[in-house]
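Side chains included, hydrogens not; waters and symmetry mates left out as well; all remaining heavy atoms used. Predicted model only: the values in this text are computed from it and were never measured.
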Amino acid sequence: MKGKKLLSILLASAMLTGALAGCGGSDAPAAPEGQQKEEQTDTAKEEAPAQEETSSDDAQEKAPAASDKELLSLEVYDVAANYQGVQTGWFDKVIKDRFNLELNIIAPQVAGDAVFQTRASTGNLGDILILEKEDFADCVSAGLVKDISADIGNYSNLMTYKEQIDVFNNGLPGNDAGITWGIPTQMTNTSPTTYSQEEIYSSPLLRWDLYKELGYPEIADLDGLLDVLEQMMKAHPTNETGDPAYPFSLWADWDGGDGMLGIANVVQLTTWYGEKIKGSAILKPDNTFIPLTDKAGTYYKLLKFLNNAQRRGLVDPDSGTQDWNAACAKMSAGQVYLMWYSWQTGFWNSQERLKNGNAFSFVPVADQSYYTDSDTYYGTARVFAVGSQVDDEKYARIMEFLDWYAGPEGLTFQHCGIEDFTYTVGDDGKFTQINDNALMDNLPVPEEWGGAGYQDGNNAINQWLVDAISTNPNTGEPYSVRYWTSYKEATMTEMKKEWQELYSADNPVEYMTKNNILLVSPNVSVTLPSDSNDISVIRNQCNDTICDYSWRMIFAKDDAEFDSMWDEMSAQMDGFGFQDLYNFDVERYQIEVDAKLEASK
């Protein structure tokens with residue numbers, strides 16, 4: 001949905017489907033006894049993992065035999081998906097073997113926002129729904145979401161996260177009865193203020209061998225970063241096979257997602273200076289807001305940074321027209337010299353490359369301080385739900401699937417892959433990674449797991465109920481490979497030792513913490529006001545405008561043209577009602593800021 005509310009469609013849908021099962025009416029079942037918002041205690045934190053202690057074998061034994069059930073095809077309406085169509089390959093086999101389910105992914109990121117309008121107008125958005133939180137309450141009101149209150153308590157893996165599920169649902173507008181409508185994504189079994197990662201989501205990541213070749217130059221600011229990248233590119237204009245390589249390779253198909261205004265490749269970089277885009281507003285480190293169009297803000301600063309990079313010839317000319325898949329293929333081929341998402345390194349940083357010293361690693365820029373959100377204890381900006389029109393058979397199978405998806409076996413498949421193909425299990429029960437290039441090189445999967453390539457068969461849902469930083473009760477270690485004891489031992493390479501000696505820290509987060517340049521924002525669960533029809537129209541017009549102008553500004557020929565475009569863009573947005581949108585967003589996100597400040601006490 002990309003933050004576009006389409007309330008008129010939803011309201012029309014609600015009138016069409018008001019009498020259908022799953023709508024929020026007076027006959028909706030009451031919430032299970034004891035389902036209320038509670039304060040988390042230290043005891044609850046300690047006991048949470050224990051509630052989930054079920055071995056993979058036990059989980060398989062408890063799951064009903066798939067062979068006893070008819071094959072069911074489920075439509076998964078999924079705002080997180082980058083792929084549209086039927087799940088294939090090894091994850092398809094996993095689902096069929098356990099549940100005899102086929103997943104048909106409906107992806108608005110691929111099909112466009114019109115797919116939401118079309119499906120919502122029929123009253124049937126899908127069987128499993130993955131929606132943006134900011135749109136979820138509207139979908140509940142429109143009768144597109146099923147009440148799962150009477151049944152969710154029967155599913156032990158989901159109930160491990162009862163507190164988080166209750167906090168989210170009790171915060172939905174008008175949900176005085178405590179009905180359970182949805183399940184937050186990427187919950188953790190840590191705590192709301194914990195930061196467990198050793199790397200943050202976004203920071204400058206450089207090829208270590210190329211940086212070392214230059215003598216580890218200190219980088220003062222963004223201009224200095226471009227100087228270093230330009231030297232890298234001049235020394236190595238191609239990858240090992242002769243394909244052109246650039247410091248920057250951008251993509252446009254994430255623009256406007258996750259409630260943001262503007263292009264994703266700029267929005268995420270604003271966190272390098274402690275700021276965070278909140279719709280049409282920029283949240284500053286002192287918890288005040290300025291408009292996105294303010295030239296003193298980081299959207300302007302980082303957009304200008306990319307323009308300067310382009311004018312130096314450092315930006316892949318395919319940027320702006322290629323999609324995420326094309327950009328990732330270039331990452332895997334060694335055609336990119338700067339990464340800024342921590343997950344991007346998964347397309348390059350194999351253990352072999354870490355040993356060879358040509359992997360990517362964080363390199364500090366002296367004038368930067370970094371914003372990051374704490375562990376997603378209460379979940380992220382998306383929600384899983386069940387579509388209101390599912391029949392009883394589908395509903396039972398969906399709940400079994402979601403419970404498995406939130407449990408140790410399901411999470412191991414999602415975050416770790418296939419036993420004896422991407423990891424092995426030692427005598428102590430802990431995991432060791434193998435074939436760590438399975439994703440980046442799309443390694444062929446054994447026929448017993450369905451064959452084809454590993455990346456081809458990877459989980460196309462592309463969204464988890466439980467985050468990988470959570471502890472796997474079967475190993476006592478996080479699901480995330482990077483935090484396994486075996487991985488840390490295997491990757492204590494010369495490259496890592498060089499990094500630690502140069503920066504006097506064990507990892508990037510320790511470096512940032514020691515140097516007081518890390519701003520950790522607590523995880524909270526709040527339901528924010530949704531857009532009115534008028535605000536929705538303004539938001540869509542402003543987003544289309546800023547995205548269009550931003551890409552053109554990246555390719556502006558000089559400062560004068562860049563600033564002329566910026567002023568023209570700002571004037572157009574003001575004409576659409578940008579100030580009203582900004583005022584609305586400040587009032588909306590102040591609710592979240594206040595909750596974070598309270599959580600920090």
Pair S550, Y299: side-chain N/O donor-acceptor within cut-off below 3.5 Å:
yes

Side chain to side chain donor-acceptor pair (under 3.5 Å), that's the test. Do Q186 and Q463 meet it? Break it down for me.
CA-CA 8 Å; Q186 291 182 229; Q463 185 69 75; 2.7 Å; yes

Any non-hydrogen side-chain atom of Q164 less than 4.5 Å from a side-chain atom of Y377?
yes

For the pair D467 (side chain) and M187 (backbone), establish whether a donor and an acceptor sit closer than 3.5 Å, ignoring hydrogens and angles.
no

Is it true that Y483 and Q197 share a donor-acceptor pair across their side chains at a distance under 3.5 Å?
yes

Does K93 have any salt bridge (Lys or Arg N to Asp or Glu O under 4.0 Å) partners at least two apart in sequence or in another chain, and if so, which?
D97

Under the salt bridge (Lys or Arg N to Asp or Glu O under 4.0 Å) rule, collect the residues that match up with K330, sequence neighbours excluded.
D316, D318

Show, in sequence, the C-alpha distance, side-chain angles and deciding distance for Y201 and Y341, and conclude whether the ring pair (Phe, Tyr, Trp, His ring centres under 6.0 Å) test is met.
CA-CA 6 Å; Y201 185 66; Y341 292 110; 5.4 Å; yes

For the residue pair W324 and F347, does the interplanar ring angle fall in the parallel (under 30°), tilted (30 to 60°) or perpendicular (over 60°) class?
perpendicular

Sorted by first residue and then second, give each salt bridge (Lys or Arg N to Asp or Glu O under 4.0 Å) pair with at least one member in residues 478-490; sequence neighbours left out.
E198-K488, E199-R482

Report the relative orientation of the aromatic rings in H236 and Y337; use parallel for angles under 30°, tilted for 30 to 60°, perpendicular for over 60°.
perpendicular

For E352, what residues pass the salt bridge (Lys or Arg N to Asp or Glu O under 4.0 Å) criterion, not counting sequence neighbours?
none

Below 30° counts as parallel, above 60° as perpendicular, anything between as tilted: where do the rings of Y216 and W208 land?
tilted

Salt-bridged, E494 to K355, with N to O below 4.0 Å?
no

Residues D255, W551; criterion side chain to side chain donor-acceptor pair (under 3.5 Å); working and verdict
CA-CA 11 Å; D255 294 354; W551 282 110; 2.8 Å; yes

The complete set of side-chain hydrogen bond (donor to acceptor under 3.5 Å, both in side chains) pairs with one or both residues in residues 432-456, sequence neighbours excluded, reads Q351-Q433, N437-D441, N442-D456

Under the ring pair (Phe, Tyr, Trp, His ring centres under 6.0 Å) rule, what do Y161 and F168 come out as? Steps first, then yes or no, please.
CA-CA 11 Å; Y161 305 93; F168 166 70; over 10 Å; no

Angle between ring planes, F431 versus W484, binned at 30° and 60°: parallel, tilted or perpendicular?
perpendicular

Salt-bridge criterion met for D209 and R353 (N-O under 4.0 Å):
no

If you apply the rule side chain to side chain donor-acceptor pair (under 3.5 Å), what do you find for D375 with T190, and how did you get there?
CA-CA 7 Å; D375 292 355; T190 57; 3.0 Å; yes

So do N472 and L411 actually touch side chain to side chain, heavy atoms under 4.5 Å?
no

What I'd like to find out is whether the side chain of Q368 reaches to under 4.5 Å of the side chain of I517, using heavy atoms alone.
no

Inter- and intrachain pairs under salt bridge (Lys or Arg N to Asp or Glu O under 4.0 Å), touching residues 224-246, at least two apart
D227-R312, E230-K234, E230-R312

Does NZ or CZ of K301 come closer than 6.0 Å to the centre of the six-membered ring of Y273, within 45° of the ring's axis?
yes

Is any side-chain heavy atom of Y370 less than 4.5 Å from a side-chain heavy atom of M512?
yes

With side chains defined as the heavy atoms from C-beta onward, is the minimum distance between R382 and K133 less than 4.5 Å?
no

Going by atom types alone, do E419 and T424 pair a side-chain donor with an acceptor below 3.5 Å?
no

